[in-house]
Structure formats: C-alpha cells, structure tokens
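Have a look at the structure below, then the notes.
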2 protein chains.
Amino acid sequence: MIHDVFIVDDDAAMRDALSLLLENNGMNTEVFADGSTFLQACEYQNPGCVLLDMAMPGMNGHEVLTTMNERGLQIPVIFLSGYGDISMAVRAMQLGAIDFLEKPISGAKLIKRLQRALMNDEGRREMQLHIQASRQSYSRLSPREREVMVLVVSGLLNKEIAHKLQLSPRTVEVHRIHVMHKMGVSNIAELVSVAGLCKI
Amino acid sequence: MIHDVFIVDDDAAMRDALSLLLENNGMNTEVFADGSTFLQACEYQNPGCVLLDMAMPGMNGHEVLTTMNERGLQIPVIFLSGYGDISMAVRAMQLGAIDFLEKPISGAKLIKRLQRALMNDEGRREMQLHIQASRQSYSRLSPREREVMVLVVSGLLNKEIAHKLQLSPRTVEVHRIHVMHKMGVSNIAELVSVAGLCKI
DNA sequence: CAAGATATTGGTACTGATACTAAGTAGAGA
DNA sequence: TCTCTACTTAGTATCAGTACCAATATCTTG
C-alpha cells in the first residue's frame with residue numbers, strides 16, 4: 001500500500017530531514033513551507049497523513065487544522081512541535097489531531113507513531129470513498145428529487161409526500177424512481193442506508 | 001438541567017475543595033477516592049462528567065478510562081493531573097478524554113471547561129437514550145426474527161429471505177410483521193434507521 | 001430559435017407488502 | 001400434563017411501489 005505523507009514545516013532543514021527519513025521507509029512525501037500553500041495544493045489520493053508543525057509564519061498549526069476541518073479534509077494530522085505545552089497539545093487533540101509529538105524526536109519513534117496514523121487512515125479511507133460516491137450521486141439529483149428523497153427516507157408514503165409537496169402522487173412516483181436510479185440503489189433499505197452514511 | 005459530576009481523586013482535600021466549588025455552582029457531585037470504587041458505584045443517570053485524577057494508588061487515570069471504554073461507559077472525562085507532560089496528555093486524549101487540565105487550576109477556568117463538557121454530554125445523552133431503547137427492543141426479538149430483520153434491513157425481498165433461510169415466504173412475512181411491531185416502527189425506512197443507529 | 005434538462009401529470013399491468021383470520025408443531029417451564 | 005412461547009404455514013383482500021408506456025409546460029443553454 002502506498003502512503004502519502006504531507007510535511008508542513010517552515011524549517012527547510014527539518015523538511016529535508018523528515019522527507020529523507022520517510023522516503024527511506026517507503027512513503028511518498030510532499031513538503032510545504034507554510035499552511036496556506038499546503039491547503040491549496042493538498043491532493044489527497046492515497047491513504048496518508050499530515051505532519052504539521054505548530055509554530056509557523058502565517059497560519060499556525062491550529063489554524064491549518066481548523067481550516068481542514070471546515071473544508072471536510074479528513075486526512076489524519078500529527079502535530080510536530082518544537083516548544084509546546086500541555087494546553088497546546090490538548091487543544092490540538094480537541095481539534096481532531098490524532099497525535100502530538102515533540103521535537104526533537106527519534107526516527108524510530110516517529111515512524112512508529114506515523115504507522116499507527118496510516119493504519120488508521122487505511123480503514124477510514126475505504127468508508128470515505130464510499131461516502132464520497134454517495135454524496136456525488138446526491139449532488140446530481142434535481143432540487144425536487146432531493147425534496148422527495150428526504151421524505152422517502154423519513155418513511156413517508158408517496159401519498160403523504162404528494163400532499164406535503166402539493167403534488168400529484170404520480171409525480172412523486174416519478175421523482176422517487178429517478179432518485180433510486182441516480183443514487184444507484186434498488187430498494188428503500190439501501191436508500192436509507194446511503195442517506196444515513198452521508199448524513200442527509 | 002441537573003448535572004452529575006463524579007470526582008475521582010486520592011487526595012481528600014482536593015475532593016472536598018472540588019466538591020464544594022461545584023456544588024456552589026449548582027452541580028451534583030459524587031466523590032470517590034480511587035478508580036475501582038468509582039467504576040463499581042458510578043450510576044450515570046443525569047447528563048454529567050467525570051473529573052479524573054491521573055496519579056492514584058491502585059488504578060491510574062489511564063486505566064480507569066480504558067476500563068470505562070471497555071464497558072461502554074460513555075460519560076465524558078476531564079483529566080486533572082498534578083504533574084503531567086505532553087505525552088501523558090496526548091495519550092489521555094487518544095483514549096477519548098475530552099479535556100486534560102493541570103493542577104493547580106483556577107475555579108473559574110475549571111467551571112468553564114466543565115460547562116463545555118456538560119453541554120457536550122447533554123446532546124449526546126438524548127441520542128444515547130434513544131439508541132438504548134432501540135437496543136432493548138432488538139433484544140426482545142426472537143432469534144428467527146433477528147435473522148429476518150437483518151436481511152430485511154439489507155434490502156432483500158421476502159422471497160429472497162425465505163430462500164436464504166429455507167422458509168416459506170409466508171413465514172418470513174409473519175416474522176417481518178412481528179419485527180416491525182416489536183421495534184416500534186411502521187415502515188422499512190424507520191427500521192433501517194434504527195438498525196443503523198444501534199449498529200446492527 | 002432549437003435542444004435539453006426539469007417538473008409535471010396520466011394510464012396500465014405487475015409485483016411486493018400489509019392486515020386480517022386461522023392453525024399445527026416443538027420445546028421450556030410450572 | 002398443561003401452558004406459554006417460538007416457529008411454522010395458509011387464504012384473502014387491500015394497499016403501495018415499480019416498470020413499462022406517453023404527454024405538456026418551463027427554463028436554461030448552445
């Protein structure tokens with residue numbers, strides 16, 4: 001399995017050392033000197049992980065992670081901080097980081113904690129790809145179809161949906177069929193499941 | 001809203017001080033001198049929170065939280081530690097603690113962080129009660145009804161279920177009706193939803 | 001303007017689910 | 001042994017959903 005590790009650190013020597021270490025351990029690495037560059041360029045294809053420095057000019061690590069959360073970028077984040085305290089670490093974890101390490105750190109320890117994060121991501125990725133596909137299908141529905149879908153998923157009969165939307169039952173039936181086709185499911189059970197997965 | 005705060009600390013003076021502070025702020029408190037006593041006696045009725053000391057004779061804080069996780073005890077945990085370092089805090093957060101505070105701490109700050117945890121728990125509790133009710137309904141199904149239910153939820157037709165279980169379609173129909181009644185739902189959409197909630 | 005997507009409504013026929021009633025068998029427990 | 005529960009099967013009638021068919025109006029886009 002190929003893993004992509006994104007290294008975000010303002011210290012060039014640190015970037016090079018980390019990149020070298022991880023490439024020698026069979027990982028792909030991409031390096032970024034600051035948070036906003038990373039946020040623009042991050043192409044999250046393979047299961048991976050972010051090694052994020054806390055203190056950087058421009059956006060600091062917390063801000064980068066907050067932005068990632070806002071954008072729904074769910075790749076796991078490990079903080080690497082030169083001078084941190086407990087409250088900084090706790091805040092990082094509360095924002096959703098999966099680990100927080102102090103520099104300097106031994107190569108062996110870093111690799112070990114990184115492996116844990118990558119394992120974590122592998123399982124999550126599969127589910128995520130599935131969810132993403134469902135979201136995409138949902139986005140291809142017309143507005144009316146979406147309205148019908150949420151009512152179908154909530155358990156209403158076509159008749160009730162028709163009344164609620166001021167439509168003829170026929171129309172609802174047609175929309176319903178379209179929804180099933182576009183969402184790629186063949187029965188209500190599956191439709192409810194995928195709707196639940198992508199939290200519609 | 002009444003809140004229960006469980007204080008687990010081996011230092012009697014600390015227990016008293018915390019209890020006094022929180023009671024004066026309108027919370028119910030229960031104090032425990034060690035982890036195992038707490039684990040035995042914890043009656044989690046109202047939305048609440050645990051203030052957990054890290055260094056204690058017998059079980060330490062990490063062990064208490066680990067045991068809580070194993071038992072599915074989902075009340076939020078705030079660690080209060082006298083001498084901790086980043087790695088200890090990070091491990092605590094990875095185990096699922098929602099906060100990690102250092103002693104000594106000001107009353108105002110403690111109350112503030114505690115309020116956050118309690119708010120968090122209020123929302124979670126409602127969902128939790130709902131899930132628990134569904135689990136109970138599910139436990140009241142007969143073995144055959146459970147088999148039928150999982151197949152219904154997975155989207156199979158009665159005919160297919162009958163074939164899979166070597167039954168007559170009639171029998172499946174009856175089980176299906178019983179499942180709907182016992183689970184307290186009136187259509188497949190609701191059934192799939194509650195099944196998804198309690199991860200059946 | 002023409003083409004295509006969207007929203008709307010209708011018909012017919014088939015399949016599946018539900019509600020009702022009814023009943024036989026088998027095993028556990030009083 | 002009797003009872004209770006679970007499991008099994010059956011008939012009938014009704015209602016809901018699906019798969020075909022087809023048509024009209026609106027609105028955006030090329």
* Nearest-Å distance for atom pair CG/C1', residues A:L191 and D:dG17 -> 13 Å
* Assess whether atom CD of A:E122 is packed by more than 12 heavy atoms of other residues, nucleotides or ligands within 6.0 Å. => yes
* Using side chain to side chain donor-acceptor pair (under 3.5 Å) as the criterion, list what pairs up with A:E147, not counting sequence neighbours. => A:R144
* Structure fact -> Of the candidates C:dA19, C:dT8, D:dA16, the side chain of A:K159 sits closest to D:dA16
* Side chain of B:K182 - closest among D:dT18, C:dT18, D:dA6 -> D:dA6
* Could you please name the option among C:dA7, D:dA16, D:dA19 that lies closest to any side-chain atom of A:E145? => C:dA7
* Gap between atoms CG and C1', on B:L157 and D:dG17 respectively (whole Å) -> 11 Å
* Asked: Which nucleotide sits closest to the side chain of A:L167: C:dT8, D:dA10, C:dG16?
  -> C:dT8
* Supply the atom-to-atom distance A:F79 CZ to A:D53 CG, rounded to the nearest 0.5 angstrom. => 9.5 Å
* Asked: So, is A:R170 close to the C:dT8 phosphate, meaning a side-chain N or O under 4.0 Å from OP1 or OP2?
  -> no
* Any residue meeting ring pair (Phe, Tyr, Trp, His ring centres under 6.0 Å) with B:F6, in chain and number order, not counting sequence neighbours -> B:F38
* **Whether B:E23 side chain and B:T29 backbone form a donor-acceptor pair below 3.5 Å** => yes
* Whole-Å gap separating P (C:dC14) and CD (A:E173) -> 17 Å
* Below 4.0 Å: OP1/OP2 of C:dT8 and any side-chain N or O of A:H175 -> yes
* Asked: To the nearest Å, how far apart are B:N187 CG and D:dA16 P?
  -> 12 Å
* Structure fact -> Computed from five pairs at either end and rounded to 10 degrees, the angle between the axes of the helix from C:dC1-D:dG30 to C:dA30-D:dT1 is 40°
* **For atom CD of A:Q166 and atom P of C:dA7, their distance in whole Å** => 17 Å
* To do: Please determine, for the side chain of A:V174, which listed nucleotide (C:dT8, C:dA17, D:dA6) has the closest atom?
  => C:dT8
* NZ/NE/NH1/NH2 to OD/OE distance under 4.0 Å, B:K103 and B:D9 -> yes
* To do: Rounded off to whole Å, could you give me the CD1-to-P distance for the A:I188 and C:dA17 pair?
  => 9 Å
* Asked: Does the side chain of B:N158 get closer than 4.0 angstrom to OP1 or OP2 of C:dG16 through an N or O atom?
  -> no
* Structure fact -> Quick note, A:S142 side chain, CB onward, closest among D:dG17, C:dT18, C:dT6 is C:dT6
* Structure fact -> A:L165 CG to C:dA7 C1', in whole Å, measures 12 Å
* Asked: Between D:dT8 and B:S168, is there an OP1 or OP2 to side-chain N/O distance shorter than 4.0 Å?
  -> no
* Could you check B:L141 against B:V172 and say which one's nearest nucleotide on DNA chain D is further toward the 5' end? => B:L141
* Taking atom P of D:dC15 as reference, at what distance in whole Å does atom CG of A:L156 sit? -> 19 Å
* To do: Please report the shortest heavy-atom distance between B:C49 and B:L114, naming the atom on each side.
  => SG-CD1, 3.6 Å
* Over 12 non-hydrogen atoms of neighbours within 6.0 angstrom of CD1 in A:I2 -> no
